[in-house]
Protein chains: 2
Amino acid sequence: MATINDIAKHAGVSAATVSRVINDSGYVSTETRKIVEKAIADLNYVPNRHAQNLRRGATRNFGILTSSLEEPVLARIEPFMQFANEANYTTTLFNTYNDPQREINALDRLKSKELDGIFLIYRTNEWSAIEPYTKFGPIVTLHNIERVDLNIKSVFIDHYEGYKLILEDLWQNGARSFINILGRSTGVNTKRRIKAYFDFCEEHKIKPHDIHPFLDITSRKGTLKAIELLDEMPTKPDAIITHSDQVASFIVSHFRKHDIEMPEEVAVVGFDNLIISDLMDFTSMDYSIKEQGRNACRLLLNELGAGPYELKPLQFTLSKRGTTK
Amino acid sequence: MATINDIAKHAGVSAATVSRVINDSGYVSTETRKIVEKAIADLNYVPNRHAQNLRRGATRNFGILTSSLEEPVLARIEPFMQFANEANYTTTLFNTYNDPQREINALDRLKSKELDGIFLIYRTNEWSAIEPYTKFGPIVTLHNIERVDLNIKSVFIDHYEGYKLILEDLWQNGARSFINILGRSTGVNTKRRIKAYFDFCEEHKIKPHDIHPFLDITSRKGTLKAIELLDEMPTKPDAIITHSDQVASFIVSHFRKHDIEMPEEVAVVGFDNLIISDLMDFTSMDYSIKEQGRNACRLLLNELGAGPYELKPLQFTLSKRGTTK
DNA sequence: TTGAAAGCGCTAACAG
DNA sequence: CTGTTAGCGCTTTCAA
């Protein structure tokens with residue numbers, strides 16, 4: 001492998017000059033530049049990135065941390081990556097499988113200079129364990145963080161409004177009883193959705209259902225169990241509202257296989273408006289999930305002084321399809 | 001940021017000893033080790049990876065190259081990543097968006113020592129442009145490479161057999177006319193599928209359809225255009241066989257929205273057996289796609305002398321669901 | 001406009 | 001069992 005010194009010798013200049021050509025920094029005469037460029041081409045030279053990184057103390061590499069690689073995660077990763085690439089950053093993906101130690105290992109790479117910043121999609125450690133790492137580089141998350149004292153930026157959108165919109169739309173189309181399939185009970189989004197539901201019930205003077213059995217539903221198994229509960233209920237709800245297209249897809253799939261008619265017997269609504277909701281033809285709440293991924297990257301770039309990139313506002317739009325009236 | 005020298009000073013030993021503790025190499029007395037470990041904990045030290053990488057000339061990082069980040073790609077990336085992680089490798093994702101230059105840039109990172117190996121899922125450059133990079137590290141692909149002279153390993157599975165299995169199953173269940181929706185005309189998989197179809201036609205003495213209009217169908221738009229062609233045909237086929245679950249999902253979705261009954265009016269078969277085929281309830285050909293991702297990683301690891309890891313054999317199994325008899 | 005030289009933080013002979 | 005030393009390949013003062 002050719003090194004910078006090989007190029008220097010070949011071109012009859014010093015390594016410093018070659019470096020200047022590579023990085024387009026400092027003064028180099030047009031002639032010298034040409035000679036050096038020819039040498040680089042001749043020897044097929046590519047600078048050793050580790051040496052550059054060691055010298056510079058930066059890598060132009062972002063870490064993406066997640067606990068799984070499912071569709072909703074991917075929907076953010078893709079636009080994030082694209083935006084990062086355009087700003088000349090690469091992305092290294094870390095799947096923690098919900099293992100706190102793996103997450104810490106990945107965060108350590110911020111410390112070891114291997115990562116310039118982190119896009120934390122799902123976390124498994126406590127914020128208090130994560131926050132100290134912001135000393136070594138910016139961390140951006142999707143979580144709606146409640147503690148403002150934390151030095152962690154977020155590109156969240158308050159799900160309260162979106163959830164309310166769904167409920168109101170269902171109500172206007174005749175639905176009077178609802179079941180909410182909710183995600184992680186610790187998440188702020190879940191809390192906001194619950195609040196939206198309770199507020200809605202109060203406004204319309206209806207009695208809210210016991211949300212407890214429908215909390216922490218994320219897996220397919222969990223979803224099917226929740227559906228079983230529904231079967232056991234004396235009166236079926238008019239509508240089921242979920243927290244993700246993934247969970248909605250499990251439900252819609254199950255209902256179709258069991259010839260339960262939507263929306264006649266029951267309406268089903270997803271959240272995220274991913275491709276699957278279009279393919280499976282179910283109603284879903286859109287909130288510019290791709291823009292959210294790009295915003296995460298913009299935030300990171302801004303923190304690193306590469307910006308300023310203006311964040312694009314996110315907004316809710318209900319995409320109505322075959323599972324609602 | 002604490003460096004190895006800080007630790008050395010703090011512990012009253014040399015940097016070499018600290019290095020030995022970090023890497024668990026050479027001899028270190030239990031006492032010294034303890035002192036050093038305490039110093040590391042005290043100063044919250046994490047070794048600078050660039051320095052390590054520069055020194056070692058390796059990174060324990062694999063590049064994953066793809067031209068898009070859709071479900072079938074993800075289905076391989078996920079198991080690949082997991083396997084790599086377990087072998088203590090990280091993975092950096094490169095999305096080329098079919099831009100040859102981006103692909104070359106990523107390949108250059110093999111040269112610049114930033115990547116120890118590459119999992120090339122989709123390529124955009126000619127093999128002749130890619131092959132020279134194997135000098136700098138192993139490259140593994142999913143493509144069924146025709147040129148054996150290339151130093152590129154592959155974890156392909158010959159689609160001929162799988163395709164034949166689909167056709168025979170449909171035939172046995174009464175289908176007599178078929179339409180094949182085919183992928184990239186340059187791909188070996190496509191050629192093998194066509195061969196399977198032609199052989200099948202000869203065996204059963206039926207006339208093959210003109211495959212031309214159904215070649216290079218990968219996008220949703222392209223798929224819908226292909227469906228339009230079907231509508232214009234005087235007699236409808238008994239079955240549509242696709243090259244991927246993605247394309248199949250477009251078709252199934254379209255037919256359901258237009259109340260075309262499957263399998264009564266027409267049967268539809270996918271390829272890959274991804275979750276979507278289960279959710280949307282369509283028949284699909286399984287060939288251990290996840291194992292294929294793992295095999296790719298095993299191959300890479302073997303090339304780097306980290307093995308030997310035995311490759312798991314892949315096999316075809318037709319997952320029959322609601323869109324076929 | 002160019003070159004010499006120092007050093008980023010670490011590892012691996014080698015010597016003791 | 002431990003320390004000394006050289007150097008991985010690059011960038012960046014500083015001096016010329």
Side-chain angles (χ1 to χ4, degrees), chain A residues 1-37 39-40 43-61 108-116 136-137, chain B residues 1-40 43-61 88 108-116 136-137:
Chain A
M1 274 305 316
T3 72
I4 199 170
N5 288 311
D6 297 335
I7 305 300
K9 251 176 241 162
H10 195 89
V13 297
S14 75
T17 303
V18 177
S19 173
R20 287 189 192 103
V21 172
I22 295 169
N23 299 293
D24 224 348
S25 62
Y27 301 98
V28 185
S29 74
T30 337
E31 295 160 69
T32 321
R33 159 161 281 127
K34 263 190 198 143
I35 298 170
V36 171
E37 275 165 354
I40 290 174
L43 300 189
N44 223 321
Y45 167 73
V46 176
N48 181 312
R49 217 136 217 147
H50 301 311
Q52 292 185 315
N53 290 339
L54 176 58
R55 240 338 283 237
R56 300 204 261 240
T59 55
R60 300 195 80 85
N61 186 23
D108 270 341
R109 286 172 193 253
L110 207 53
K111 228 197 228 176
S112 68
K113 301 282 182 188
E114 205 185 346
L115 260 25
D116 287 350
F136 310 108
Chain B
M1 275 307 315
T3 72
I4 199 169
N5 289 310
D6 298 335
I7 305 300
K9 252 177 238 162
H10 195 88
V13 297
S14 75
T17 302
V18 178
S19 173
R20 286 189 194 103
V21 171
I22 295 169
N23 299 294
D24 225 351
S25 61
Y27 302 98
V28 186
S29 73
T30 336
E31 295 160 68
T32 320
R33 159 160 281 127
K34 261 189 199 142
I35 298 170
V36 172
E37 274 165 355
K38 186 172 176 326
I40 289 174
L43 300 190
N44 223 322
Y45 166 73
V46 176
N48 181 312
R49 216 136 216 145
H50 301 312
Q52 292 185 315
N53 290 339
L54 176 57
R55 224 2 267 243
R56 298 204 262 241
T59 55
R60 301 195 80 85
N61 186 24
N88 228 332
D108 270 340
R109 286 173 192 252
L110 206 54
K111 225 196 232 179
S112 69
K113 301 282 180 190
E114 205 185 346
L115 261 25
D116 287 350
F136 310 108

Discussion item. Before you tell me yes or no, could you show the steps for Arg109(A) and Asp116(A) under salt bridge (charged side-chain N to carboxylate O under 4.0 Å, His left out), namely the whole-Å CA-CA distance, both residues' side-chain angles and the distance that decides it to 0.1 Å?
Written reply: CA-CA 9 Å; Arg109(A) 286 172 193 253; Asp116(A) 287 350; over 6 Å; no
Worksheet item: When the nearest nucleotide of DNA chain C is assigned to Ala16(A) and to Thr30(A) on a heavy-atom basis, which residue is associated with the more 5' position?
Response: Thr30(A)
Discussion item. Nearest to the side chain of Arg20(B), heavy atoms from C-beta on, is which of dT11(D), dT11(C), dT2(D)?
Written reply: dT2(D)
Practice prompt. Report yes if at least one side-chain N or O of Ser25(A) is closer than 4.0 Å to OP1 or OP2 of dT11(D); otherwise report no.
Written response: no
Practice prompt. Calculate the interatomic distance between Lys9(B) atom NZ and dG9(C) atom C1'; express it in whole Å.
Written response: 13 Å
Discussion item. What's Val28(B) touching, base or sugar-phosphate or nothing? Going by heavy atoms closer than 4.0 Å.
Written reply: sugar-phosphate
Fill in: Closest-nucleotide ordering on DNA chain D, the 5'-leading residue of Ala51(B) and Asn23(A)
Ala51(B)
Practice prompt. Report the distance from atom CG of Asp6(B) to atom P of dC8(C), rounded to the nearest whole Å.
Written response: 11 Å
Practice prompt. Can you tell me the distance, in whole Å, between the CD1 atom of Ile35(A) and the P atom of dT1(C)?
Written response: 14 Å
Discussion item. Does dG3(D) have OP1 or OP2 under 4.0 Å away from a side-chain N or O of Tyr27(B)?
Written reply: no
Worksheet item: Which part of the nucleic acid, if any, lies within contact of Asn53(A), taking any heavy atom under 4.0 Å across all strands shown: a base, the sugar-phosphate backbone alone, or nothing?
Response: nothing
Worksheet item: Looking only at heavy atoms, what is the nearest atom pair of Ala39(B) and His10(B), with distance?
Response: CB-CD2, 3.6 Å
Discussion item. Would you say Ser14(A) places a side-chain N or O within less than 4.0 Å of OP1 or OP2 belonging to dG3(C)?
Written reply: yes
Practice prompt. Looking only at non-hydrogen atoms, find the nearest pair between Ile4(B) and Ala15(B) and report the distance.
Written response: CD1-O, 3.6 Å
Practice prompt. Can you tell me the distance, in whole Å, between the NZ atom of Lys111(B) and the P atom of dC10(D)?
Written response: 12 Å
Worksheet item: Within this structure, what is the CD-to-C1' distance between Glu114(A) and dC8(C), rounded to whole angstrom?
Response: 16 Å
Worksheet entry | Length of the line joining Arg56(A):CZ and dG9(D):P, which is rounded to integer Å | 16 Å
Item to complete: Ignoring backbone atoms, establish whether Thr17(B) has a side-chain N or O less than 4.0 Å from OP1 or OP2 of dC1(D).
Response: no
Worksheet item: How many Å lie between NE2 on His50(A) and P on dG7(C), as a whole number?
Response: 24 Å
Practice prompt. Between dG9(C), dG3(D), dC10(D), spot the one nearest the side chain of Leu54(B), thanks.
Written response: dG9(C)
Practice prompt. Would you mind telling me which of dC10(C), dA12(C), dG9(D) lies closest to the side-chain atoms of Asn48(A)?
Written response: dG9(D)
Response to the item:
Separation of dA12(C) atom P from Asp24(B) atom CG, nearest Å, is 13 Å
Discussion item. Considering every strand and a 4.0 Å limit on heavy-atom distances, what is the contact class for Val13(A): base, sugar-phosphate, or nothing?
Written reply: sugar-phosphate
Worksheet item: Do you know the tightest heavy-atom contact between Ile22(B) and Pro47(B)?
Response: CG2-CG, 4.0 Å
Discussion item. Considering every strand and a 4.0 Å limit on heavy-atom distances, what is the contact class for Ser19(A): base, sugar-phosphate, or nothing?
Written reply: base
Worksheet entry | Side-chain N,O (Gln52(B)) to OP1/OP2 (dT11(C)) below 4.0 Å | yes
Discussion item. Taking donor-acceptor contacts at under 3.5 Å, does the side chain of Arg55(B) reach the base of dG9(D)?
Written reply: no
Worksheet item: Which pair of non-hydrogen atoms, one from Val21(A) and one from Glu37(A), has the smallest distance, and what is that distance?
Response: CG1-CG, 4.1 Å
Worksheet entry | Presence of Thr32(A) side-chain N/O under 4.0 Å of dT2(C) phosphate oxygens OP1/OP2 | yes
Worksheet entry | Nearest heavy atoms of Asn48(B) and Lys113(A), plus distance in Å | ND2-CG, 3.8 Å
